[in-house]
Amino acid sequence: MTADDVQRAARTRAKILDGLARAERALFTRPAPKSARAQMKFLRKRERGSTKSLAERLGVSRKTVQRYLSGASTKPNKRLQEALVQETESEWQPQVRAQARQRATTSGGLVIKFRASLGFTANGSSDDARVRDLSIAVSPSHAALILAAQEEGATDTDLHEAVAEAIADAYFGQGGGGRAGLKVKFTDVQWLNIEF
């Protein structure tokens, strides 16, 4: 792999992870805390009241956590704000998230909407990759593989391959057609959204 291929794979993985995070946020029945103080209070509860462990989790000092909890500080720097949002959303409404994941892996599957370069080769012939805007319903078995790869912290290649395989099976297997011997290229992802 060239350096350009590695960067492209990293961008694609980031778009896939962002798509999954947006899909989970859309499921929330209540909005997550928005202010830094409310986020700190919520995360302190998740850490069983320990400001020390919260400080370690956010990569800041214990005094910084205490300043936000008391209201003395209200505007976090960019890095701390990103950490607060990410940590809060990762802990927010875990049962809602778990139910949606269970439903996706057992009966509902996922819907993946994207604009990317998609092409294929089969038995010597080819359809050169071209940019396509598609909305694909992915089977529960493929949804399970994608979600498991995300939870396990899969490599860029593994996560990309799981999504590409799911798209290929759904797209080229429509109408009872098979995809035996069909190699699919799913590259240059411009945008990607996922729905439960």
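Note that this is a predicted model, so its numbers are computed, not measured.
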Colleague: Does one hydrophobic cluster hold both Val85 and Val96, with members joined at side-chain heavy-atom distances below 4.5 Å?
Modeller: no
Colleague: Any chance you could measure Gln102, atom CD, to Ser107, atom OG, to the nearest 0.5 Å?
Modeller: 8.5 Å
Colleague: Taking all non-hydrogen atoms of both residues, which atom of Leu192 and which atom of Arg22 are closest, and how far apart?
Modeller: O-NH2, 2.5 Å
Colleague: Do you know which of Arg97, Arg44, Arg57 makes salt bridge (Lys or Arg N to Asp or Glu O under 4.0 Å) with Glu91?
Modeller: Arg57
Colleague: Hydrophobic cluster membership, with links at side-chain heavy-atom distances under 4.5 Å among I/L/V/M/F/W/Y: are Leu27 and Ile194 in one?
Modeller: yes
Colleague: Before giving the answer on side-chain contact (heavy atoms from CB on, under 4.5 Å), spell out for Glu47 and Glu87 the whole-Å C-alpha distance, their side-chain angles and the decisive distance to 0.1 Å.
Modeller: CA-CA 11 Å; Glu47 293 292 334; Glu87 293 297 323; over 6 Å; no
Colleague: Provide the closest heavy-atom pair for Pro140 versus Gly108 in the form atom of the first, atom of the second, distance.
Modeller: CG-N, 4.2 Å
Colleague: Check whether Gln39 reaches the backbone of Pro33 with its side chain - one donor and one acceptor, N or O, closer than 3.5 Å.
Modeller: yes
Colleague: Any chain of hydrophobic side-chain contacts (each under 4.5 Å) joining Val111 to Val163?
Modeller: no
Colleague: Going through the checks in order, is the side-chain contact (heavy atoms from CB on, under 4.5 Å) test met by Tyr68 and Leu84?
Modeller: CA-CA 11 Å; Tyr68 282 98; Leu84 283 169; 5.8 Å; no
Colleague: Nearest 0.5 Å, what's the OG-CG distance between Ser141 and Asp169?
Modeller: 8.0 Å
Colleague: Go through the steps to decide whether Glu24 and Gln93 satisfy the test side-chain contact (heavy atoms from CB on, under 4.5 Å), and finish with yes or no.
Modeller: CA-CA 10 Å; Glu24 288 178 341; Gln93 295 190 329; over 6 Å; no
Colleague: Shared ILVMFWY cluster between Val138 and Leu134, side chains joined below 4.5 angstrom?
Modeller: yes
Colleague: For Arg115 and Val131, work out which heavy atoms get closest and say how close.
Modeller: CG-CG1, 3.5 Å
Colleague: Determine the minimum heavy-atom distance between Leu20 and Ile146, stating which atoms define it.
Modeller: CD1-CG2, 4.4 Å
Colleague: Evaluate the ring planes of Phe28 and Trp92, with Trp represented by its six-membered ring, and classify them as parallel (under 30°), tilted (30 to 60°) or perpendicular (over 60°).
Modeller: perpendicular
Colleague: Side-chain heavy atoms under 4.5 angstrom apart, residues restricted to Ile, Leu, Val, Met, Phe, Trp, Tyr: same cluster for Leu17 and Phe186?
Modeller: yes
Colleague: Evaluate the side-chain proximity of Pro76 to Met40: yes if any heavy-atom separation is below 4.5 Å, no if none is.
Modeller: no
Colleague: Report yes if some heavy atom in the side chain of Thr64 is under 4.5 Å from a heavy atom in the side chain of Leu58; otherwise report no.
Modeller: no
Colleague: Kindly compute the distance separating CG (Asp158) from NE2 (His160), expressed to the nearest 0.5 Å.
Modeller: 11.5 Å
Colleague: Does some side-chain heavy atom of Lys15 sit less than 4.5 Å from a side-chain heavy atom of Phe114?
Modeller: no
Colleague: Mind checking the CG-CG spacing from Asp188 to Leu118? Nearest 0.5 Å is all I need.
Modeller: 11.5 Å
Colleague: Taking atom CD as the centre, does Gln95 end up with more than 12 heavy-atom neighbours from other residues, nucleotides or ligands that are less than 6.0 angstrom away?
Modeller: no
Colleague: To the nearest 0.5 angstrom, please state how far the OG atom of Ser90 sits from the CZ atom of Arg46.
Modeller: 9.0 Å
Colleague: Mind listing the closest non-hydrogen atom pair of Ala149 and Leu159 along with its distance?
Modeller: CB-CD1, 3.9 Å
Colleague: Output, in order, the C-alpha distance, side-chain angles, deciding distance and verdict of side-chain contact (heavy atoms from CB on, under 4.5 Å) for Leu110 and Phe196.
Modeller: CA-CA 5 Å; Leu110 298 171; Phe196 283 95; 3.7 Å; yes
Colleague: I want to check something: taking the side chain as every heavy atom from C-beta on, are Gln150 and Leu147 in contact at a cut-off of under 4.5 Å?
Modeller: yes
Colleague: What's the separation between atom NZ in Lys41 and atom OG in Ser35, rounded to the nearest 0.5 Å?
Modeller: 8.5 Å
Colleague: Can you name the nearest heavy-atom pair linking Gly59 to Arg79, along with the distance?
Modeller: O-NH2, 3.2 Å
